[in-house]
Each structure stands twice: as structure tokens, then as C-alpha cells.
Amino acid sequence: MPRGSTPSQAAAALKAGSLIILPTETVYGLGANADDATAVARLFEAKGRPRFNPLISHVADAGAAMRIGYFDRHAEALVVPFRQGVCDLARAGLDTVALRVPAHETAQAILGAFGRPVVAPSANQSGRPSPTTFQDAMEETGFAVAAAVDGGPCAVGLESTVVACIGPQPQLLRPGGLDRAAIEAVLGAPLAEAETDARRSPGRLARHYAPASPLRLEADGARDGEIFLGFGPGPEAWNLSPSRDLREAAANLFALLRAADRTHPAGIAVAPIPHEGLGEAINDRLKRAAGFVG
Ligand code: TXA
Ligand code: MG
């Protein structure tokens with residue numbers, strides 16, 4: 001298994017049709033050339049991802065994004081009508097494409113060296129929590145890659161916010177690392193709620209982001225054999241954020257779920273998390289990890 005590749009080795013691997021592990025500010029991604037159907041097929045295979053679930057294409061800047069999709073006045077980091085340059089398989093055959101410009105310096109270096117769009121779903125096996133450290137990414141999909149770049153722990157820790165800009169009003173498809181208020185401030189308009197229509201948001205599968213241990217939410221402490229993930233000051237050994245900081249809780253969420261899971265507890269109980277700001281995305285991931293969302 002390759003460890004600690006450089007951005008230029010990662011770009012060379014992408015050119016050769018291989019998969020890579022790359023850091024982003026949200027979570028680690030499993031990357032492939034977005035316009036190479038064979039590489040993209042290998043990526044779906046390595047993740048065990050259903051073929052109907054489209055991938056996000058990563059590009060270095062807004063100019064590159066605008067060559068691939070049609071942007072209306074709302075579009076920023078978003079699902080837009082497709083123009084060219086990302087293969088059908090990567091879009092799961094849809095006439096739309098999800099585009100994202102990652103802020104992470106190392107991701108930017110890889111995209112700059114490759115010079116073309118890179119699809120990068122989170123580097124976990126389909127249905128499992130997203131990796132937020134290099135080690136966790138290697139454990140999930142390291143077996144499948146020709147290069148893997150270590151960019152340290154992910155600062156945000158939750159996947160990107162996905163917004164659809166394909167109708168008259170922008171729609172929140174996936175709450176994520178940028179909270180609703182931040183997106184609405186840029187749009188200058190409120191976000192419409194996502195339709196429940198699975199075709200519009202094919203990635204919103206019922207059980208997702210899930211550890212192997214059963215999850216119990218809104219808990220006030222551990223029951224027999226459980227690990228309790230606290231939120232706020234308290235005696236707990238495991239705590240999402242002792243100071244009740246939602247940013248810190250987001251950054252810790254997947255790493256703590258994984259660490260708890262490794263001890264094979266009877267279950268993982270999680271303290272209530274407030275719903276405002278980043279709490280919307282944290283609660284969304286927790287509900288899906290517990291298997292509660294249809
Ligand atoms: O933060 C992130 O976005 C990370 C890092 C690695 O960049 N990537 C990521 O990718 O979370 P993934 O594949 O795990 O999640 C992509 C989400 C899925 O829910 C997928 O269904 C949705 O974006 N998506 C992609 N293309 C779409 C499209 N054309 N229409 C609607 N949803 C789409
Ligand atoms: Mg994912």
C-alpha cells in the first residue's frame with residue numbers, strides 16, 4: 001500500500017487511470033479522472049457504491065467548473081445542468097453534474113497538477129462513516145489506490161453541503177460543512193427544502209455514515225456495555241465537544257464514531273446535539289447512521 005505520496009505522484013496516477021486517496025477540508029476522498037469511464041467504474045467497485053448514486057467532480061476553480069456545467073446566478077458549489085467533460089457513469093447518467101472547488105491546499109495542488117476534473121466521493125466503503133484522517137482513509141479504500149496523499153486531519157469533518165441549482169429556487173440536497181445561513185447569505189435567498197424524490201438526491205440512502213455498532217441518539221448517558229459520546233462539560237471520557245462548540249463536534253464526529261466502534265461496544269449512545277448552524281448537518285448524519293431516515 002502506497003503511503004505519503006506527493007501531489008505530482010497523485011496526478012500521475014490519475015493520468016494513468018488509477019485511483020488515489022486525497023485530502024480535502026471536509027473529508028478524505030477516493031479520486032479518479034472524472035472523464036475516464038474505466039477508472040470511474042473501478043472507483044464504484046472499490047467503494048461498493050450503487051451505480052445510481054452520482055459522484056461529485058472536483059475542479060481547481062470556478063472557471064473550470066463553468067466549462068463543465070451550466071451556471072445560473074445562484075450556482076456556487078453545486079448541482080447544475082451538465083455541459084461536458086465528466087463521463088456518464090460518474091453522473092449516474094443524469095443530465096446534471098455536482099461540482100466542488102475544495103479549499104484544501106493539497107487538494108488544490110493535485111487538481112492543479114492534473115489539470116482536469118477529478119471525481120472524489122468520500123473514501124469510505126459505501127454506507128460507512130466518511131474518513132477524516134489519512135489512516136482511516138487508508139483503512140477503508142487504501143487497497144484500491146496507486147497513490148495516497150496525507151494532508152493531516154480534515155478541519156471540517158463533515159461532507160460538503162450539496163445545493164441543486166436546476167430550477168427557479170436553489171434547493172438543499174445535503175446539509176454539510178457550510179451551514180444553511182452561510183449558503184443563504186451568499187445566495188441572498190432562502191434555500192428550498194429538498195424534495196423527497198430519490199432521483200433528485202440519489203445519495204440520500206436510508207442507512208448511511210454508519211458504524212457497525214448500533215447507535216442510540218438523544219441519550220443522557222451509557223446503558224450496559226455502551227460507549228457514550230457526550231456534548232458539553234461532563235465526566236465522560238468520550239466527548240464530541242466539552243465546550244459545546246458545533247465546529248469541534250463536526251470535526252470529531254466521524255473519528256469518534258470510528259474509534260468507539262473499534263472497541264466493539266454493545267452500542268454507541270450520543271448526547272443530544274442542538275439543531276442550529278452546523279448542528280443541522282451533524283443531526284442529519286447521526287439520524288442516517290442510526291438508520292432512521294427514509
Ligand atoms: O465533501 C465532499 O463533498 C466529499 C469530499 C471528498 O470532497 N465528497 C463526497 O462525495 O462527499 P460523496 O460521493 O460521498 O457524496 C456526493 C453526494 C451524494 O449524496 C450524491 O448523491 C450527490 O452528492 N450528488 C452527486 N451528483 C449529483 C447530482 N447530479 N444530482 C444530485 N445529487 C448528486
Ligand atoms: Mg460519501
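Since the model is a prediction, treat every value here as computed from it, not as a measurement.
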Taking atom CG of Leu217 and atom CG of Leu215, what is their separation to the nearest 0.5 Å? 5.0 Å
Any side-chain to backbone donor/acceptor pair from Tyr28 onto Gly151? Under 3.5 Å, distance only. yes
Check against side chain to side chain contact (heavy atoms under 4.5 Å, CB included), Arg83 and Val97: CA-CA 8 Å; Arg83 188 193 292 261; Val97 63; over 6 Å; no
Arg42 side chain vs Gly17 backbone, donor-acceptor pair below 3.5 Å: yes
To the nearest 0.5 Å, atom CG of Leu229 lies from atom CG of Leu253 at 8.0 Å
Begin with the C-alpha distance, continue with both residues' side-chain angles, and end with the deciding distance and a verdict on side chain to side chain donor-acceptor pair (under 3.5 Å) for Arg174 and Ser160. CA-CA 8 Å; Arg174 174 173 78 174; Ser160 61; 3.2 Å; yes
Examine distances only and state if a side-chain atom of Ser5 and a backbone atom of Ala148 form a donor-acceptor pair shorter than 3.5 Å. yes
Kindly determine whether Arg100 and Glu25 satisfy salt bridge (Lys or Arg N to Asp or Glu O under 4.0 Å), including the steps that lead there. CA-CA 12 Å; Arg100 158 160 146 72; Glu25 69 283 13; 3.0 Å; yes
Candidate pair Thr161 and Arg180, rule side chain to side chain donor-acceptor pair (under 3.5 Å), full reasoning: CA-CA 9 Å; Thr161 310; Arg180 183 187 286 271; over 6 Å; no
Given the rule in the side chain to side chain donor-acceptor pair (under 3.5 Å) test, do Glu159 and Ser130 qualify, once you have shown the distances and angles that lead to the verdict? CA-CA 8 Å; Glu159 304 81 353; Ser130 297; 2.4 Å; yes
Step-by-step salt bridge (Lys or Arg N to Asp or Glu O under 4.0 Å) determination, Arg262 to Asp136: CA-CA 12 Å; Arg262 281 193 195 102; Asp136 288 344; 2.8 Å; yes
Just by distance, do the side chain of Arg49 and the backbone of Pro54 share a donor-acceptor pair under 3.5 Å? yes
Exam field: side chain Glu218 to backbone Ala271, donor-acceptor pair closer than 3.5 Å: no
Applying side chain to side chain contact (heavy atoms under 4.5 Å, CB included), run through Val59 and Leu111 and close with a yes or a no. CA-CA 6 Å; Val59 290; Leu111 292 171; 5.6 Å; no
On the six-membered ring of Phe82, is Arg91 placed so that its NZ or CZ lies under 6.0 angstrom from the centre and within 45° of the ring axis? yes
Tell me whether Glu226 contacts the main-chain N or O of Arg223 through its side chain, where contact means a donor paired with an acceptor under 3.5 Å. yes
Intermediate values then yes/no, side chain to side chain contact (heavy atoms under 4.5 Å, CB included), Leu22 and Leu30: CA-CA 6 Å; Leu22 75 160; Leu30 180 63; over 6 Å; no
Would you kindly check if the NZ (Lys) or CZ (Arg) of Arg288 is within the cone defined by 45 degrees around the ring axis of Tyr209 and under 6.0 Å from the six-membered ring centre? no
Count the heavy atoms belonging to other residues, nucleotides or ligands that lie under 6.0 Å from CD of Glu45, then report whether that count exceeds 12. no
Worked verdict on Val149 versus Ile20 for side chain to side chain contact (heavy atoms under 4.5 Å, CB included): CA-CA 8 Å; Val149 185; Ile20 65 164; 5.8 Å; no
Would you check if the side chain of Asn239 reaches a backbone N or O of Gly232 as a donor-acceptor pair within less than 3.5 Å? yes
Looking at Thr141 and Ala144, would you say the former's side chain and the latter's main chain have a donor-acceptor pair under 3.5 Å? no
Would you kindly say whether Arg247 and Ser241 are connected by a side-chain donor-acceptor distance under 3.5 Å? no
Test applied, side chain to side chain donor-acceptor pair (under 3.5 Å); reference residue, Glu140; option that passes from Arg258, Gln125, Lys47: Arg258
Atom pair CD1 (Ile227) and OG1 (Thr263), whose distance is rounded to the nearest 0.5 Å: 3.0 Å
Glu248 (side chain) donor-acceptor with Asp245 (main chain) under 3.5 angstrom: no
Closer than 3.5 angstrom, by distance alone: can the side chain of Gln108 be matched with the main-chain N or O of Ala60 as a donor-acceptor pair? yes
